[in-house]
Amino acid sequence: MNFDTLKLWSARLGTKALAAPLLIVMMLSMMVLPLPPFALDIFFSFNIALSIIVLLTSLYTIKPLDFLVFPTVLLVSTMLRLSLNVASTRVVLTEGHTGPDAAGKVIEAFGHFLIGGNYTVGIVVFIILTIINFTVVTKGAGRIAEVGARFALDALPGKQLAIDADLNAGLIAEQEARRRRSEVAQEAEFYGAMDGASKYVRGDAIAGIMITVINIFGGLIVGLVQHDLGFSEALKIYTLLAIGDGLVAQIPALIISTAAGIVVSRVASDEDIGGQFIGQLFAKPQVLYITAGIIGGMGIIPGMPHIAFLLLAMVLAAGGYALVKKSEAKKQLETAPPPPVATPEVEEATWQDILPVDTLGLEVGYRLIPLVDKTQGGELLKRIKGIRKKFAQEVGFLSPAVHIRDNLELKPSAYRITLKGVEVGFGEANMGQFLAIDPGLVSGTLQGTPTTDPAFGLPAVWIDAATREQAQTMGYTVVDAGTVIATHLNHLITSHAAELLGRHEVQQLLDHLAKDTPKLIEELTPKLLPLSTIQKVLQNLLIEGVHIRDMRTIIETLSEYGVQIHDANELSSHVRVALGRAIVQQIFPTGNELTVMTLDNRLERLLMQAMQSGSGEGGLEPGLADTLAAQTEAAAQQQQQLGLTPVLLVPAPLRALLSKFLRRTLPQLKVLSHAELPETKTIRVVGLVGGQS
């Protein structure tokens with residue numbers, strides 16, 4: 001491999017990406033290859049610097065997730081210390097007889113200057129540092145990380161539901177919701193990783209004790225047997241080297257363990273540790289005054305160090321006085337009259353003044369705010385989320401989010417539903433009461449406030465909670481205020497599904513389908529049909545209540561006929577034929593027999609001639625149109641009285657014309673063509689339109 005190849009791989013991987021593998025290889029090499037004393041000095045100095053960097057980073061970290069790599073740093077620093085211990089042990093045992101600087105100047109400095117060359121003091125100091133690190137700092141940090149991981153996992157579902165509620169209410173965008181979900185998951189993973197990483201530090205403390213003991217006894221054996229040193233001389237040399245080696249490793253370990261405790265024990269806020277410490281511990285002047293009095297009183301007791309106590313008392317009292325002055329200045333600033341503000345000139349209008357119109361909006365009076373406020377329960381938010389999910393599963397596309405806001409111009413218990421800024425629904429819902437709806441078969445009347453069900457126009461009564469069971473016994477359908485609004489919203493979303501399907505929703509629908517069948521979408525748009533034509537076809541289906549869940553069949557049909565036909569209405573007719581089985585199943589969920597109405601032969605011929613001539617409204621003469629509307633309405637009412645769904649079966653050329661014409665007066669009527677009926681179904685004609693004309 002030449003130099004150019006190395007440069008190419010380095011450019012591809014990046015300098016940062018090469019740092020971690022090189023560090024791991026270096027640590028493994030230190031365990032196997034002998035290192036000169038100068039190299040040990042460099043690595044020991046780097047280890048100390050690394051621990052200080054980690055500690056300072058943890059102090060200036062705002063929240064734990066800002067130092068997400070800390071568990072890995074904990075592991076790497078532990079392995080680095082163990083690698084240095086192995087390398088220094090090799091040097092101590094092989095070259096220790098030459099003098100105290102055999103393992104480098106760093107170990108010699110820790111062995112002489114920090115403990116005064118007294119190996120007894122060194123052993124005591126080393127044991128104390130190890131006990132502090134092992135039993136206090138590391139154990140406490142591990143326990144906090146364990147509890148933090150448990151609580152983070154327990155709170156994970158609740159946090160995710162809160163994010164989904166904000167998203168469904170339109171308070172946050174989809175990108176922000178994904179960021180918050182990722183942050184919640186990372187928080188749980190971080191505490192779990194810290195819980196596991198703390199075990200490495202505890203193991204490192206145990207390994208440090210064992211390595212030090214092995215170095216002492218191993219050095220004695222080597223010094224006595226191989227180098228013919230006296231017992232006291234060998235004990236002094238190798239003990240000082242072993243203790244120096246142990247202290248060089250334990251002090252960075254203690255620093256990093258302290259950093260781990262700081263990271264997992266702090267509560268997330270907008271300040272670093274220093275700001276929280278000063279701002280909260282020394283924030284109350286009363287506390288400083290009382291502490292100064294106690295310390296000053298102790299300072300005048302005979303036998304006490306008067307200068308130290310009295311000096312500290314003066315400093316605390318001065319700090320309290322400064323806080324009082326600062327508080328008074330702040331109050332004066334707040335109570336002072338504001339300076340006269342010059343009347344700003346009216347700014348020129350900009351494009352930023354144009355606010356986008358919400359596709360779906362829900363405005364509520366102030367008494368209904370608890371229904372949409374997540375801090376007060378906000379059960380309506382969860383129901384709206386369920387409405388959108390059910391709509392997507394049944395109709396076939398995801399409706400726009402419902403933007404909720406309070407409107408003080410409405411009555412306190414009123415609400416308004418808007419579609420593209422225009423009111424499409426209005427009603428009132430009384431908090432604390434229940435709406436008893438009369439489905440037509442009740443056995444009595446109720447005391448309450450008479451009204452009308454806002455969703456379907458049925459007679460209803462607002463009743464108190466005490467009358468709820470009585471109303472249910474009498475056959476009323478009883479719902480609470482939140483259900484009234486949710487049902488009304490669901491009804492309007494379903495009935496206006498075609499208007500909710502915009503270009504953006506169609507594109508999202510095609511992108512979702514392209515994940516499984518990319519070639520199918522590539523062949524259709526934009527090669528055969530533009531997006532606007534596909535949108536119009538889907539809207540035609542939704543206008544007549546046909547669900548678009550079977551997008552594969554719709555796309556395949558459009559691809560088949562889109563080569564020759566570009567008219568959206570003609571394409572809609574072909575798509576309806578392809579979806580015939582699903583359309584019939586939607587109207588007649590059970591049974592193989594289809595109860596339908598048909599046209600009289602004479603009326604059918606007249607309609608065919610009128611459509612070919614193109615006269616009148618929608619191709620119909622006014623007199624013929626009035627007769628058709630009246631007779632169809634009468635036949636449909638007879639069907640409904642028998643408990644049957646009014647369905648008119650007509651020839652394929654007439655279906656689109658009659659459906660559009662009759663939809664205005666009979667929205668509940670379904671118009672089918674012969675071509676849309678599956679061959680496996682049996683047709684039973686129960687009504688004839690135009691038979692008496």
Side-chain angles (χ1 to χ4, degrees), residues 390-397 491 494-495 497-498 501 509 534 536-561 565 568-601 603-604 607-608 628 632-633 635-690:
K390 182 181 178 183
F391 178 86
Q393 293 173 344
E394 292 183 352
V395 179
F397 73 96
H491 174 69
T494 304
S495 58
L501 185 68
L509 194 59
I534 301 174
K536 183 61 178 176
V537 171
L538 297 178
Q539 286 179 332
N540 288 342
L541 297 174
L542 292 173
I543 288 174
E544 297 192 57
V546 178
H547 297 166
I548 58 173
R549 290 177 299 177
D550 189 6
M551 280 298 297
R552 184 188 295 270
T553 299
I554 295 174
I555 297 301
E556 289 177 350
T557 306
L558 293 177
S559 300
E560 179 181 355
Y561 292 96
I565 303 173
N569 294 326
E570 292 187 36
L571 290 172
S572 300
S573 300
H574 289 290
V575 171
R576 284 185 60 94
V577 174
L579 295 176
R581 186 181 294 105
I583 295 174
V584 172
Q585 177 71 22
Q586 187 177 335
I587 301 174
F588 301 98
T590 58
N592 289 325
E593 188 178 69
L594 311 181
T595 55
V596 300
M597 304 178 296
T598 58
L599 298 174
D600 179 70
N601 290 333
L603 179 60
E604 184 176 306
L607 291 175
M608 293 289 290
L628 175 63
T632 306
E633 183 176 1
Q637 289 178 353
Q638 293 179 359
Q639 295 293 97
Q640 289 180 321
Q641 291 175 358
L642 296 175
L644 302 175
T645 303
V647 178
L648 179 62
L649 184 63
V650 298
L654 294 176
R655 199 214 67 80
L657 172 65
L658 294 181
S659 176
K660 182 179 180 180
F661 172 71
L662 296 173
R663 192 184 309 133
R664 302 177 181 178
T665 56
L666 297 171
Q668 73 278 10
L669 177 68
K670 304 296 181 182
V671 182
L672 300 179
S673 70
H674 295 282
E676 296 170 357
L677 300 183
E679 297 179 356
T680 57
K681 299 292 184 179
T682 302
I683 302 173
R684 182 166 68 94
V685 179
V686 293
L688 193 64
V689 177

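For the single chain, residues carry numbers from 1 onward in sequence order. What you see below is based on every heavy atom in this structure, not just the backbone, and it leaves out hydrogens, waters and symmetry mates.
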Where do [X] and [Y] come nearest, in terms of heavy atoms and distance?
X	Y	result
Ile543	Ala498	CG1-CB, 3.6 Å
Ala635	Met597	CB-SD, 3.4 Å
Gly545	Lys670	CA-NZ, 4.5 Å
Ala568	Val537	O-CG2, 3.7 Å
Leu571	Tyr561	CD2-CB, 3.9 Å

[atom2] on [Y] to [atom1] on [X], rounded to 0.5 Å:
X	Y	atom1	atom2	value
Glu604	Thr598	CD	OG1	8.0 Å
Leu607	Leu603	CG	CG	4.5 Å
Ile534	Lys536	CD1	NZ	14.5 Å
Leu558	Ser572	CG	OG	8.0 Å

Under a 4.5 Å cut-off applied to non-hydrogen side-chain atoms, are [X] and [Y] in contact?
X	Y	value
Leu658	Thr632	no
Val546	Val575	no
Leu579	His547	no
Glu676	Val584	no
Val689	Leu628	yes
Arg581	Ile583	no

Please check if the number of heavy atoms outside Arg663 that lie under 6.0 Å from its CZ is greater than 12.
yes
More than 12 heavy atoms of other residues, nucleotides or ligands under 6.0 Å from NZ of Lys660: is that the case?
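No - once you tally the heavy atoms of other residues, nucleotides and ligands closer than 6.0 Å, there are 12 at most.
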Checking His674 now: which residues fulfil ring pair (Phe, Tyr, Trp, His ring centres under 6.0 Å) with it, not counting sequence neighbours?
none
Sequence neighbours excluded and cut-off under 3.5 Å, please list the side-chain donor-acceptor pairs for residues 636-656, or say none.
{"from": "Arg655", "atom 1": "NH1", "to": "Glu544", "atom 2": "OE1", "distance (Å)": "2.8"}
{"from": "Arg655", "atom 1": "NH1", "to": "Val671", "atom 2": "O", "distance (Å)": "3.1"}
{"from": "Arg655", "atom 1": "NH2", "to": "Glu544", "atom 2": "OE2", "distance (Å)": "2.8"}

Just by modelled atom types, is the Leu501 backbone N or O under 3.5 Å from a matching donor or acceptor in the Gln539 side chain?
yes
Any donor-acceptor pair under 3.5 Å from Arg549 side chain to Glu394 backbone:
yes
Would you call the rings of Phe397 and Phe391 parallel, tilted or perpendicular, where under 30° means parallel and over 60° means perpendicular?
perpendicular
Applying the side chain to side chain contact (heavy atoms under 4.5 Å, CB included) criterion to Leu677, which one of Val577, Thr682, Ile683, Val596 satisfies it?
Ile683
Step by step, work out the side-chain contact (heavy atoms from CB on, under 4.5 Å) result for Leu672 and Ile587.
CA-CA 10 Å; Leu672 300 179; Ile587 301 174; 4.0 Å; yes
